[in-house]
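Here's the structure, in structure tokens; my notes come after.
Quick caveat: nothing in here was measured; it's all calculated off a predicted structure. We name chains A, B, ... by the order of the sequence lines, and we start the count at 1 in each one.
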Protein chains: 2
Amino acid sequence: MLGHMTAKDPRAAALAALAALLADETRAACLLALLDGRAWTAGELARHAGVAASTLSEHLGKLVAGGLLAEERQGRHRYVRLADARAAGLVESLAAQTPAPAGPPGSLRESSTRSAMARGRTCYDHLAGRLGTAVTDALTLRGLLRQDTGFALTEAGVEWFATAGIPLDLSSRRPLARACLDWTERRPHLAGAAGAALCRHALDAGWCVRIGSERAVKVTAAGERELAARLGVPPDALR
Amino acid sequence: MLGHMTAKDPRAAALAALAALLADETRAACLLALLDGRAWTAGELARHAGVAASTLSEHLGKLVAGGLLAEERQGRHRYVRLADARAAGLVESLAAQTPAPAGPPGSLRESSTRSAMARGRTCYDHLAGRLGTAVTDALTLRGLLRQDTGFALTEAGVEWFATAGIPLDLSSRRPLARACLDWTERRPHLAGAAGAALCRHALDAGWCVRIGSERAVKVTAAGERELAARLGVPPDALR
DNA sequence: GACATGCTTCGGCCCTCACCGAACCATGGA
DNA sequence: TCCATGGTTCGGTGAGGGCCGAAGCATGTC
């Protein structure tokens with residue numbers, strides 16, 4: 001009866017509304033799953049989250065309405081994916097503040113999945129895990145990426161991408177380099193347009209391949225060779 | 001009865017719990033107010049948010065328990081502030097994703113406060129508003145800050161801080177330069193250790209002064225001179 | 001001491017919202 | 001045409017949580 005009458009701050013309302021979208025465990029599970037950068041069907045997400053299809057349908061409605069997800073309907077399937085890099089960044093940055101994965105390892109299957117994810121995975125559209133940080137470290141060590149005064153590619157870095165045949169869209173408004181805090185390594189890895197381009201190239205050129213249906217990736221023998229030759233990444237940093 | 005039994009993803013639970021802290025309008029209003037980087041008492045925040053003291057007390061309990069706020073008790077006052085730059089960054093990044101301030105200007109008093117805030121303000125511990133972006137633009141134009149390949153100070157930039165007598169803590173783990181999306185200008189301004197140092201110096205040296213009890217700041221005549229001389233900031237960019 | 005002030009705790013109210021199952025609608029395949 | 005499958009809509013239920021006022025503790029003032 002008191003607070004009801006006062007004119008609330010619209011900024012606060014907007015912030016709370018946005019946060020409320022992420023403040024549900026089921027929706028959070030969906031968003032984390034979608035961090036693999038691919039499109040999932042509503043049914044897949046329902047099974048993944050362990051709720052009824054009807055429940056999940058409502059969740060998707062909210063997330064789409066909130067602008068976090070984009071949907072694409074194909075036949076009787078409703079495909080849904082993170083709306084854009086901005087939405088992905090939001091989930092990333094929030095997830096990064098999360099205390100810790102915590103907990104002792106679960107079943108054998110779980111822990112083997114976990115260690116594969118720790119070794120290498122994609123984070124929305126760039127590389128993460130030991131693979132991601134190893135590549136980021138190598139770029140830094142070679143003077144291709146600066147971390148001491150911020151987080152940016154150097155001239156030499158831009159050139160490296162060019163000679164490696166990895167196209168960078170310099171005209172986009174998306175920043176070339178961005179730091180993304182790695183969940184397992186607790187250190188930043190390369191995100192942004194350059195991170196995405198590098199990841200795409202790594203998958204296209206067979207430097208690494210996806211394993212399982214999740215976000216984990218595995219470096220191939222060819223990938224080890226290329227990463228060692230082009231960036232001086234020590235092969236054992238990837239294991 | 002179905003979802004209740006399935007083992008939920010702990011990551012999702014943690015993310016949801018963190019988001020839930022921000023998903024309340026009253027708590028959001030507190031966090032936004034605390035973005036001024038100063039400590040507020042519980043009573044001030046209660047009045048600011050328009051709720052009973054008892055209600056706000058509970059909110060503060062949750063925010064402190066969640067690690068977003070740090071408290072300091074002095075006599076019968078409970079002072080509370082953002083826990084650290086990490087927490088501030090979280091609020092910032094979430095607030096930055098918010099659609100838009102929206103809405104027509106309110107009362108005269110409100111709109112004059114609003115325009116003062118748009119002109120210049122602090123954002124946790126660095127400069128924002130037209131002032132913040134003007135300084136950021138000037139740094140960029142002079143080759144002291146790179147934005148095209150990420151967001152980082154250049155060698156010349158580090159040197160500029162040194163000759164201006166603004167100390168930079170290079171040993172800290174906090175990144176020197178970070179991009180923070182400006183709410184009013186919709187463009188990035190300088191945050192991070194360098195942004196904080198610059199803001200502190202600007203206040204200490206009288207380049208700008210706080211007006212009112214809020215976050216708004218006003219550039220002084222001396223400030224205009226210094227910013228023009230040292231960075232080439234055109235005085236009318238600050239009005 | 002007695003009193004004011006700032007904060008906290010407690011009980012109770014009420015609204016919101018995640019959840020389900022059942023019915024319903026659409027698509028695509030026999 | 002019928003059926004299987006994926007998705008959505010719609011009541012109904014229950015838990016959670018934000019809110020208040022009143023009472024209770026501190027702290028600092030007279």
Side-chain angles (χ1 to χ4, degrees), chain A residues 1-9 12-13 15-31 39-66 68-81, chain B residues 1-9 12-13 15-31 39-66 68-81:
Chain A
M1 190 190 277
L2 202 156
H4 293 183
M5 292 295 104
T6 63
K8 304 287 189 84
D9 176 1
L15 202 171
L18 178 58
L21 282 178
L22 310 183
D24 175 83
E25 188 167 344
T26 299
R27 284 196 292 267
C30 292
L31 291 168
W40 292 50
T41 69
E44 285 170 339
L45 285 173
R47 280 186 294 279
H48 176 76
V51 298
S54 57
T55 300
L56 203 114
S57 178
E58 291 171 5
H59 285 308
L60 290 188
K62 295 186 187 187
L63 291 171
V64 170
L68 290 180
L69 298 188
E71 67 182 349
E72 211 166 324
R73 308 181 100 109
Q74 269 177 34
R76 55 187 174 189
H77 291 280
R78 178 192 205 179
Y79 283 96
V80 72
R81 56 183 163 72
Chain B
M1 191 189 278
L2 201 155
H4 293 181
M5 293 296 105
T6 63
K8 304 285 188 88
D9 177 1
L15 201 170
L18 178 58
L21 283 179
L22 310 183
D24 175 83
E25 189 167 343
T26 300
R27 284 196 293 269
C30 293
L31 292 168
W40 293 49
T41 70
E44 286 169 338
L45 286 173
R47 280 186 295 278
H48 176 77
V51 299
S54 58
T55 300
L56 203 113
S57 178
E58 291 171 5
H59 285 308
L60 290 188
K62 294 185 188 189
L63 290 171
V64 169
L68 290 180
L69 298 188
E71 68 182 348
E72 212 165 322
R73 309 181 99 108
Q74 269 177 33
R76 55 186 174 189
H77 292 278
R78 179 194 205 178
Y79 283 95
V80 75
R81 56 182 164 73

If only side-chain N and O atoms of [X] are considered, is one of them under 4.0 Å from the OP1 or OP2 phosphate oxygen of [N]?
X	N	answer
Thr26(A)	dA18(C)	no
Arg78(A)	dT8(D)	yes
Thr55(A)	dC20(C)	yes
Lys62(A)	dC17(C)	no

d([atom1], [X]; [atom2], [N]) in whole Å:
X	N	atom1	atom2	answer
His77(B)	dG28(D)	NE2	C1'	9 Å
Glu44(A)	dG7(D)	CD	C1'	13 Å
Glu71(B)	dG6(C)	CD	C1'	14 Å
Leu63(A)	dT8(D)	CG	P	13 Å
Leu22(A)	dA18(C)	CG	C1'	16 Å
Leu60(B)	dC19(D)	CG	P	12 Å

Less than 4.5 Å apart, any side-chain heavy atom of [X] and any of [Y]?
X	Y	answer
Leu60(B)	Leu45(B)	yes
Gln74(B)	Tyr79(B)	yes
Leu22(B)	Leu18(A)	no
Cys30(A)	Leu56(A)	yes
Leu21(A)	Lys62(A)	yes

Would you indicate what [X] reaches in the nucleic acid, counting non-hydrogen atoms under 4.0 angstrom: base, sugar-phosphate, or nothing?
X	result
Ala53(B)	base
Arg27(B)	sugar-phosphate
Arg73(B)	sugar-phosphate

Check: Nearest nucleotide by nearest heavy atom, which residue falls closer to the 5' end of DNA chain C, Glu58(B) or His59(A)?
Finding: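 The residue whose closest nucleotide sits nearer the 5' end is Glu58(B).
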Checklist line | Shortest non-hydrogen contact from Ala12(B) toward Ala28(A) | finding: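 What the structure gives for the nearest pair is O-CB, 3.6 Å.
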Check: Nearest of dC20(D), dG7(D), dC19(C) to any side-chain atom of Ala42(A)?
Finding: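 Nearest nucleotide to the side chain: dG7(D).
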Listed pairs, N/O of protein and of nucleotides 25-30 of chain C, under 3.5 Å:
from	atom 1	to	atom 2	distance (Å)
dT27(C)	O2	Arg76(A)	NH1	2.9

Check: So does Ser54(B) reach the base of dG21(D) with its side chain, donor to acceptor, closer than 3.5 Å?
Finding: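 Yes, the side chain and the base share a sub-3.5 Å donor-acceptor pair.
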Item checked: NZ/NE/NH1/NH2 to OD/OE distance under 4.0 Å, Glu71(B) and Arg73(B) ->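 Salt bridge flag = yes for Arg73(B) with Glu71(B).
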